[in-house]
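Have a look at the structure below, then the notes.
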Amino acid sequence: MKYIYLDNQSNTKLDKNVFDVMVPFFVDYYGNPQSIYSLGSISKDALDDARSKVASFINADINEIIFTSCATESNNLLVKGIAESLKNKGKHIIVSAIEHFSILNPLKRLQNDGFEVTYLSVDAKGNVNAQELKKSLRKDTILVSIQHSNPEVGTIQNIKDLVAIVKNNKINDFVVFHTDAVSSCGFMPIDVKDLNVDALTFSSSVMYGPKGAAALYVKKEVKIVPQIEGGVQENSKRSGTENIPAIVGFGKACQIAKEKLVSNVQKIKGLRDKLINELPKKIEYIYLNGAIGNRLPNNVNFSIEFVEGEALFLLLDAIGIMAASGSACANKNLKISHVLSAMKVDVAVGQGSIVFTLSKYNTQEDIDYVLEEFPKIVSRLREMSPLYSYFLQTGKRKKAGPGTDFDHEHDHCHINEE
């Protein structure tokens, strides 16, 4: 069977060059980097070299990088660590409504501890309203966290302008601006000094590196309280024996991404645009979610009306096409994702959403196969859909349930639409 992997937002294929540099640290150079004997020194040198590569990738200083096990840990460390560090100065936090659950769920615990959270709304394309951010700032605001880009719908926020709003309003001199850039790193240039952010999260596993390594950039002036305590690792910000093979791989992945970014993005964007342009020509009642001009180069998200999502993915998988719906950590249920809900996508339409995220390993042949087979699956499912049958007979859309009005017309989407 042909296998086409189009779920690169949840995990990417490991680059062989990355794997090659990792192997010696599994077998030969296994010393603890905190030890002073020779094997430990080799691991310590490798750790320092990887930190230098990772820092260079986002134009950070070496001592501003904290290695963690994954992006979820980085986000938890940031949210909880800043809240604990600044709780005596304020207990107000601002985030967008479409953040990853590793931001949203820690905030639920903080709310139980007396913190207040403002959730910024987004428009139909997933963009945060800059004026709403400005109005939400308070003297007791300690943290603003807004994604650099959304992994589900691909919309890229104008983080530089949002940071300027926070910094220029001078509500206080301690508010921290964090951005989750996991979906962006490796697929577009990221420069923390240009963005002027105080903290940034990114991960190895979505940029052709290994699982088990991620990073949290924290500007050196920002104080953060450790959430894992024990030793002196990561400048006492994150204790625990370092995962040297994964961190070495992360460093190599950053080096490769920096060198190949332009050529990789050019190729991936071409494949993305082909899917976005061609699928609406082959399938009726299909709607693009997210923006176009400020969209991740590897993201395609469509909602397909009169199709039930679970059946869609099962049939795709049966012919070797692996895709996703919602973020990689979303619950596997038939509810519309929190991202599409925030964008006010119709519930019944959103249940038929599909996310294709591409990588440098995808080919034109992969895209041609999707364009050939995907419409057949949609047609097959619609033949079994009572909602579609009703629509064909009456020209009307049934209400999908309480509070969901389906009786309106949609516009088809095209690549030149904003």
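These numbers come from a predicted model, not from an experiment.
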Y29 meets the ring-ring contact (aromatic ring centres under 6.0 Å, His included) criterion, sequence neighbours left out, with F25
Between E305 and R397, is a salt bridge (charged side-chain N to carboxylate O under 4.0 Å, His left out) present by the stated rule, with each step listed? CA-CA 10 Å; E305 197 171 354; R397 292 166 170 85; 2.5 Å; yes
F177: ring-ring contact (aromatic ring centres under 6.0 Å, His included) partners, not counting sequence neighbours: none
Just jot down the salt bridge (charged side-chain N to carboxylate O under 4.0 Å, His left out) partners of D180, sequence neighbours excluded, or say none. none
Test salt bridge (charged side-chain N to carboxylate O under 4.0 Å, His left out) applied to R382 - qualifying residues, sequence neighbours left out: none
Exactly one of L200, V197, T179, V182 clears side-chain contact (heavy atoms from CB on, under 4.5 Å) with H148, and that residue is T179
Set of residues satisfying salt bridge (charged side-chain N to carboxylate O under 4.0 Å, His left out) with respect to D61, sequence neighbours excluded: K193, K220
Not counting sequence neighbours, list each pair that qualifies as a ring pair (Phe, Tyr, Trp, His ring centres under 6.0 Å) and has a residue in residues 189-209. F202-F250, Y208-Y361
Those residues at least two apart in sequence (or on a different chain) that pass side-chain contact (heavy atoms from CB on, under 4.5 Å) with E383 are S379
For Y388, enumerate each residue passing the ring-ring contact (aromatic ring centres under 6.0 Å, His included) test, keeping only those at least two apart in sequence or located in another chain. F306
Listing request: all ring pair (Phe, Tyr, Trp, His ring centres under 6.0 Å) pairs with a residue in residues 44-77, at least two apart in sequence or in separate chains. none
Can you list the residues that meet the side-chain contact (heavy atoms from CB on, under 4.5 Å) rule with P33, with sequence neighbours excluded? S43, K44, L47, E242, I244
Between A342 and I98 the two heavy atoms that sit nearest each other are CB-CG2, 3.7 Å
Using salt bridge (charged side-chain N to carboxylate O under 4.0 Å, His left out) as the criterion, list what pairs up with K53, not counting sequence neighbours. D49
Polar contact flag, side-chain donor to acceptor under 3.5 angstrom, D273-N277: no
Just list the side-chain donor-acceptor pairs under 3.5 Å for residues 157-164, sequence neighbours left out, or say none.
| residue | atom | partner | partner atom | Å |
| --- | --- | --- | --- | --- |
| Q157 | OE1 | V128 | N | 3.0 |
| Q157 | NE2 | G126 | O | 2.8 |
| N158 | OD1 | D161 | N | 3.3 |
| N158 | ND2 | D161 | OD2 | 2.8 |
| K160 | NZ | D194 | OD1 | 2.9 |

Under a 3.5 Å threshold, yes or no: a donor from one side chain and an acceptor from the other, between T155 and N150? no
